[in-house]
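The structure appears below as structure tokens.
Please read these numbers as outputs of a predicted model, since none were measured by experiment.
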Amino acid sequence: MRLIHLFKKELAHEARDWVRDELVSDAQASAILARYGESLDEDPNKNSFGYYLLMSLGALFLGLALILIVSHNWEEIPRVIRTTGLLLLTFSCGVIGSKFFLSGREQAGKIWLFFGGISYGTSIMLVAQIYHLGEHFPDGIFWWAAGILPLVIFTQSRLLALLSFTLATIWAMVETGEDFFPALYPIFAVVTLWLTLFKKTSRLLFVGSIAALVTWFNLALAWAMGGAGYFELFEEQLPLSIAIGILLNGLAWWLMRAKDHDWQEYGLVTHIWLLRGSIITLLVLSFEGVWQDYPMGFDWLSLLGIATLLLFGCLSWGLSRKSGLYASTPAILMTLYFAFCFALVGAFDNMEIITAIATNLMLVVMGILLIRRGIDQTQTHYFYTGVVTLLLTAFFRYFDLIGDYIGGAILFMVAAAILMAAAKYWKYHLKLVTQVDETQVKEGE
């Protein structure tokens, strides 16, 4: 579960070499690889994947060439030939692709359907241009994505899902830029999420669909605040978004305990990206000026944000506590820290310095926890993430002091005291572990 996909393949290759060199038996190598969802047998799809990838890229370039050629000579082609030719090309690609797919040649069928999807989008744009259909041009992108979506469900193809989801995301961005709400965007994200959870493996599509749903939720809040007529971002979205992130981290730990290896990888990747996002968020909030923009006073929005933080924090702790202290402790710490800071800023005036100091101390604590976790679990990623977190905190505070130079010096001294206390505790902990091991050895003798 700790290894990324590329290194798992490398591990399978190394395990075959171990068996050939008689370092381990077949059963031992198979047991090791089974732990990470791999097999000692050669991957039968290894060579076909390269063929599939190259053919897919070739279909993409053919589609781009089609768009360039047709659009460049568009005015010189009679209208009837233009319309008939585009529709016939799209229909032919769909028929050929479906025939290949249903006859068992699934990869060839998906490539033909992928090319047909590009032809379909070209037909929508150019036919609409011929007959001057619709003035709201994002609708063309939407119907392009929507037309491919049934093929995603029918073929369960990651390639078609990537095309449909990418087009839907472009449509949502353009629609938002035109001050319209992309209400149907979650349909594409949910279908993509269903595909990755139950049919095919794709970490990119899984993380992308989760990010899409969170982004759409924030857009929905801003749209509601604007009276369903325009987007109005508000400061209270910050605690709500942070609460969602804390809950997602708990769900990530729950996925990492699942029996399905794909779900374990999804949980691990989600947790890593949420960890990076939380550190970046803390670094941004470590500046005093950021907190000055948060409104003072309690209204229903600010109270809702704090209540959601506490509720989702409890749910995250409940989902992650079975995975150990390194899973549940950050959920409690982050929940209490954010709830304290938002409540303090809302209740009292001129609390920006206090919340900025609390944020910097939280960064120090997070850095220590990550270093400790990396050493305990022998995972270099968490160790170096903790080191980088501490170095970035020191770098930002050196060039952007909180208060005057005395305040900055006090903050550095408090951080140094925490680091030294953590080091002393670590040394004491190692001494206790060594004594326990020696006692067990003596009792065994």
Side-chain angles (χ1 to χ4, degrees), residues 238-239 241-246 248-250 252 271-294 305-306 309 312-313 316-317 320 325-345 351-377 379-426:
L238 180 59
S241 299
I242 291 172
I244 293 173
I246 293 174
L248 286 175
N249 191 57
H271 168 66
I272 289 175
W273 281 106
L274 287 172
L275 174 62
R276 295 168 180 170
S278 65
I279 292 173
I280 293 173
T281 302
L282 288 173
L283 287 172
V284 172
L285 295 177
S286 67
F287 292 89
E288 181 183 350
V290 176
W291 290 99
Q292 293 175 353
D293 297 329
Y294 196 79
I306 295 173
L309 264 172
F312 283 11
S316 179
W317 175 81
S320 60
L325 289 177
Y326 287 122
S328 58
T329 302
I332 296 299
L333 285 177
M334 296 292 278
T335 300
L336 294 178
Y337 152 73
F338 280 117
F340 166 77
C341 287
F342 288 120
L344 191 66
V345 172
M351 288 291 105
E352 295 83 8
I353 295 180
I354 303 299
T355 52
I357 291 174
T359 305
N360 283 272
L361 294 179
M362 177 58 66
L363 280 167
V364 173
V365 171
M366 285 290 292
I368 293 172
L369 286 175
L370 287 170
I371 292 174
R372 171 73 183 274
R373 178 182 176 184
I375 294 173
D376 274 357
Q377 299 179 349
Q379 296 183 14
T380 57
H381 172 267
Y382 298 111
F383 176 83
Y384 287 113
T385 301
V387 171
V388 170
T389 300
L390 294 177
L391 291 177
L392 285 176
T393 304
F395 177 80
F396 286 163
R397 293 291 71 79
Y398 185 80
F399 289 100
D400 184 78
L401 298 177
I402 296 177
D404 55 11
Y405 71 95
I406 296 179
I410 293 174
L411 179 61
F412 277 122
M413 286 188 286
V414 172
I418 294 175
L419 289 169
M420 291 179 180
K424 289 285 187 182
Y425 170 77
W426 179 249

- Out of curiosity, L238 CG to T281 OG1, how far, rounded to the nearest 0.5 Å? 7.5 Å

- Enter the distance from Q292:CD to I353:CD1 here, rounded to the nearest 0.5 Å. 9.0 Å

- Note on the structure: Taken to the nearest 0.5 Å, the spacing of I368 CD1 from L363 CG works out to 11.0 Å

- Task: Write down the atom of S328, the atom of S320, and the distance for their closest heavy-atom approach.
- Result: CA-OG, 3.5 Å

- Is the closest side-chain heavy-atom distance between Y337 and T359 below 4.5 Å? yes

- Item | Gap separating the OG1 atom of T335 from the CD1 atom of I306, nearest 0.5 angstrom | 13.0 Å

- Note on the structure: Heavy-atom closest pair (V290 atom, V284 atom, distance to 0.1 Å) is CG2-O, 3.2 Å

- Side chains of N249 and H271: closer than 4.5 Å at any heavy-atom pair? yes

- Message: I'd like to check Y382 versus L275 (side-chain heavy atoms, cut-off strictly below 4.5 Å). Are they in contact?
- Response: yes

- Begin with the C-alpha distance, continue with both residues' side-chain angles, and end with the deciding distance and a verdict on side-chain hydrogen bond (donor to acceptor under 3.5 Å, both in side chains) for Y326 and R373. CA-CA 7 Å; Y326 287 122; R373 178 182 176 184; over 6 Å; no

- Message: How close do M362 and L282 get, counting heavy atoms only, and between which atoms?
- Response: CG-CD1, 4.0 Å

- Query: Taking the side chain from S316 and the backbone from G313, do they hold a donor-acceptor pair closer than 3.5 Å?
  - Reply: no

- For L336, does the CG atom have more than 12 heavy-atom neighbours from other residues, nucleotides or ligands under 6.0 Å away? yes

- Task: Mind listing the closest non-hydrogen atom pair of L325 and P330 along with its distance?
- Result: O-CD, 3.8 Å

- What one should report as the nearest heavy-atom pair of C341 and W291 is CB-CH2, 3.6 Å

- Message: Quick check for you: to the nearest 0.5 Å, what is the distance between T389 atom OG1 and Y384 atom OH?
- Response: 14.0 Å

- Message: Any non-hydrogen side-chain atom of I279 less than 4.5 Å from a side-chain atom of L370?
- Response: yes

- Task: Answer yes or no: is there a side-chain heavy-atom contact under 4.5 Å between L285 and F338?
- Result: yes

- Task: State, to 0.1 Å, how close S278 and M334 come at their nearest heavy-atom pair, and which atoms those are.
- Result: CB-CE, 4.0 Å

- Separation between CD of E288 and CD1 of I354, rounded to the nearest 0.5 Å: 9.5 Å

